[in-house]
Amino acid sequence: MGIRTQILLSYLVLILLLSLGMWFVDDWIMDKMTASNLIFAEEGVEAITTANNRLAEEILTTYGKYIVEDKAADAALELSYLLKGKKTFNYEELRRNKLLRQVAIQEIRTPVGIAGYTIVYDKNRINVFHPDKKVEGVNYVLWQDQYPEMWQLLNRSLKEEKVTGYLTFFDQDNRQRQRYAATRRVPGTPFFVAAVVNIDEFFLPTQEKIRKASREFVAKAKESIVNHHEKMDRMAKVAGLAAGTLFILLASLFGFYFAASISRPLRHLQKGVKEVGEGNFAVAVPEKGVREVVHLAHSFNQLGQQLMDYIAKRDFIRDTFGRYVTQEVVNKLLESDGALELGGETREVSILISDLRGFTALTADMEPEDVVTFLNRYLGKMIEILTDAHAVIDEIIGDGILAFFGAPEPMEDHPVRAVACALAMQAAMEEVNALNRADGLPHLEMGIAVNTGEVVVGNIGSERRTKYSVVGAHVNFASRIESYAVGGQVLLGQATYQRVKNFIEMGEAMEVKLKGVPGKTTLYEVTGMGEPYNIHLPERYETLTPLAAKIPVHLQRISAKIVISEAAARIDQLCETSATITFEGELWEWEDVRLLLLDDAGREIPERLYGKVTAVKPAGENRVEAHIRFTSVAPEIYPIFRRALGLE
């Protein structure tokens with residue numbers, strides 16, 4: 001064999017070995033890249049799915065609890081209305097009443113079906129209404145050993161106005177699950193309403209949809225990545241075999257260019273993945289390169305759009321959740337790892353408490369739907385003002401609101417913000433009452449108190465039921481102050497006044513005796529605030545006019561919403577906000593009273609007038625003169641007052 005032949009053969013063998021080496025190296029690299037992409041796709045989607053499932057469970061569980069509690073409250077209210085005035089109850093007759101049964105036994109539904117129902121039992125624990133008629137009339141004491149959690153919940157409901165809790169049970173597949181129950185007392189009756197649901201029915205369907213979508217996406221991603229690997233592998237092998245000895249250099253150059261055409265889009269993808277990890281779901285990578293890489297880039301961009309859709313839905317849930325707790329608390333719960341841990345801290349805050357004057361009496365004869373509309377109009381405006389002022393709304397109890405400033409985020413000027421918010425709320429009552437007049441609804445007046453001091457603020461409750469709230473003596477002190485505020489008035493405690501006295505316009509200062517507080521306490525009325533708030537409450541004309549013809553009334557003293565005594569009296573002096581009366585009997589400053597006006601025949605007219613005693617002094621001959629500040633006046637009474645004052 002000649003040397004040229006040997007060199008040629010050696011060269012051919014070298015080319016063959018290089019080709020085979022390139023073949024195997026290419027195959028190894030593509031396998032590694034494909035495996036890495038598959039792992040990345042699976043881990044990324046799994047992480048997002050887990051987070052969405054957890055978020056869905058937290059938010060939809062909270063939503064489900066609200067639905068259950070609201071259903072129990074609504075059913076109790078409706079039953080109270082239907083059973084109003086009854087002194088005795090024939091259970092068999094009640095069960096035959098279709099309307100009562102329909103109200104007492106209501107289905108609680110989710111979008112996929114029935115999740116629970118309401119039942120009614122009495123103070124003796126006897127089941128009055130139940131979806132299963134076989135258990136109606138049965139005493140729950142028979143099941144106290146079999147269902148101890150239910151028994152404990154039942155006993156609590158006989159002592160507490162509102163009770164909630166979880167009940168553990170096993171389903172048909174012997175899986176341990178939980179029911180959530182809420183009870184409400186039916187006012188004026190011996191009955192109680194309990195709403196019970198399988199709480200996981202609210203979030204399991206949503207979680208299954210999320211998992212299904214994730215599985216479909218992972219399958220498509222895997223298919224796209226594997227197909228891309230196979231196509232790239234075939235192209236590389238064909239190119240290596242076809243190049244031969246004459247094209248080894250060109251093949252190397254082309255391989256370098258080809259590798260660059262692959263790696264550059266992948267680097268864009270890597271950068272895009274990093275940005276997605278940092279929260280930029282709107283990132284998009286160029287869809288350039290070979291067809292498979294273009295497809296992969298297109299799939300990545302689609303993933304970004306799908307993630308943005310997920311975020312939009314999450315934000316929607318966040319906003320929905322924000323209707324039940326303040327946005328600050330929502331952010332704290334969703335963004336802080338330890339936000340759900342029980343406990344609190346001592347912090348100085350400013351507490352604001354407001355309450356409508358005479359609301360119960362004003363709405364006594366209104367339909368429930370009208371009461372809700374009436375109340376929501378007022379609460380909607382007040383909550384809007386509180387939210388704009390960055391207040392945390394702790395509780396809304398009927399027509400009363402408890403809010404605080406200075407937590408969870410620190411707020412150095414929280415006393416000023418709280419007082420400005422209180423003034424804005426009082427000023428907004430004019431708009432609320434204008435709408436009420438247009439709809440023929442009663443005039444509303446509100447009293448507000450603001451107090452500043454150290455309280456415990458944080459997550460208060462248990463692992464099953466937690467609330468971000470404030471507790472402490474200064475909360476109770478604020479409540480005591482609020483009880484002295486008449487309609488249209490904002491009262492400040494001493495600590496708040498010292499912090500804001502250089503910013504406010506003062507009204508009167510009063511010394512009062514607060515329950516549980518030794519000695520006299522000075523309260524300060526605020527009527528306005530300058531820049532940058534520029535809020536000024538309208539001046540009230542309180543010049544009393546002596547009446548030529550005295551107005552006879554029946555005076556009722558009220559304590560804890562109960563009439564404790566009644567006496568004949570007369571109105572001697574009058575203005576639009578207050579009156580002076582004389583009568584024989586006993587009366588104390590800051591007591592709540594109700595005045596029943598009499599017609600010419602001495603009969604009580606149905607319209608009511610409520611007020612608070614602000615001053616009492618002897619009037620001679622065993623009579624007492626009292627100054628009454630009106631807190632609630634029925635619209636029909638104003639024409640009577642105008643005629644008495646000679647204005648009509």
Side-chain angles (χ1 to χ4, degrees), residues 48-78 106-119 153 162-169 171 177-184 193-213 309-336 339-340 342 372 375-376 379-380 383 387 392-397 408 459-469:
I48 294 171
T49 301
T50 301
N52 285 333
N53 280 340
R54 183 169 60 252
L55 184 62
E57 180 173 349
E58 293 174 356
I59 294 177
L60 293 178
T61 296
T62 301
Y63 173 73
K65 290 179 180 179
Y66 169 78
I67 293 297
V68 173
E69 295 170 15
D70 187 63
K71 179 67 75 172
D74 288 347
L77 186 62
E78 291 181 60
Q106 301 185 35
E107 295 176 347
I108 303 176
R109 290 181 170 269
T110 67
V112 297
I114 299 173
Y117 50 81
T118 60
I119 62 174
L153 193 76
K162 302 177 181 178
V163 176
T164 60
Y166 285 89
L167 310 174
T168 302
F169 74 105
D171 62 12
R177 297 172 64 184
Q178 286 188 323
R179 287 195 173 110
Y180 181 75
T183 69
R184 293 292 187 276
V193 175
V196 185
V197 298
N198 299 336
I199 195 65
D200 55 10
E201 296 290 345
F202 283 91
F203 59 82
L204 286 179
T206 300
Q207 289 183 333
E208 180 57 31
K209 290 180 180 179
I210 293 174
R211 285 192 288 268
K212 181 179 178 182
D309 293 340
Y310 277 127
I311 294 301
K313 293 176 182 177
R314 185 198 68 181
D315 291 342
F316 171 76
I317 294 173
R318 180 195 295 260
D319 294 340
T320 302
F321 193 21
R323 296 181 65 185
Y324 304 100
V325 295
T326 62
Q327 198 65 41
E328 289 81 359
V329 177
V330 172
N331 293 335
K332 183 177 178 68
L333 291 174
L334 296 180
E335 297 174 5
S336 174
L340 294 177
L342 295 177
V372 172
L375 186 59
N376 283 347
L379 289 176
I383 291 172
T387 302
V392 174
I393 301 174
D394 189 313
E395 280 189 300
I396 298 175
I397 306 176
N459 293 329
I460 299 169
S462 68
E463 294 295 335
R464 291 185 174 182
R465 176 69 174 175
T466 304
K467 178 183 179 184
Y468 188 80
S469 182

* To do: Check for a donor-acceptor pair, side chain of T118 on one end and backbone N or O of Q106 on the other, with a separation under 3.5 Å.
  =>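 A pair under 3.5 Å: yes.
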
[Y] and [X], any side-chain heavy atoms less than 4.5 Å apart:
X	Y	result
P408	V392	yes
E201	R179	no
L60	T206	yes
I114	I108	no
T183	K162	no
E107	Y117	no
T62	E58	no
T164	Y180	yes

Supply the atom-to-atom distance [X] [atom1] to [Y] [atom2], rounded to the nearest 0.5 angstrom.
X	Y	atom1	atom2	answer
T110	N198	OG1	CG	10.0 Å
T49	I210	OG1	CD1	7.5 Å
I460	Y468	CD1	OH	9.5 Å
T61	Q178	OG1	CD	9.5 Å
K209	K212	NZ	NZ	9.5 Å
D70	L77	CG	CG	10.5 Å

* **With D200 via salt bridge (Lys or Arg N to Asp or Glu O under 4.0 Å) - residues at least two apart** =>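 Salt bridge (Lys or Arg N to Asp or Glu O under 4.0 Å) list for D200, sorted by chain: R177.
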
* **For K467, salt bridge (Lys or Arg N to Asp or Glu O under 4.0 Å) partners two or more places apart** =>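 Partners of K467 under the salt bridge (Lys or Arg N to Asp or Glu O under 4.0 Å) test: D394, E395.
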
* For residues A182 and E69, report the shortest heavy-atom separation together with the two atoms involved. =>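 Nearest heavy atoms, A182 then E69: CB-CG, 3.7 Å.
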
* For A181 and V68, work out which heavy atoms get closest and say how close. =>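 Nearest pair, atom of A181 first, then V68: C-CG1, 4.5 Å.
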
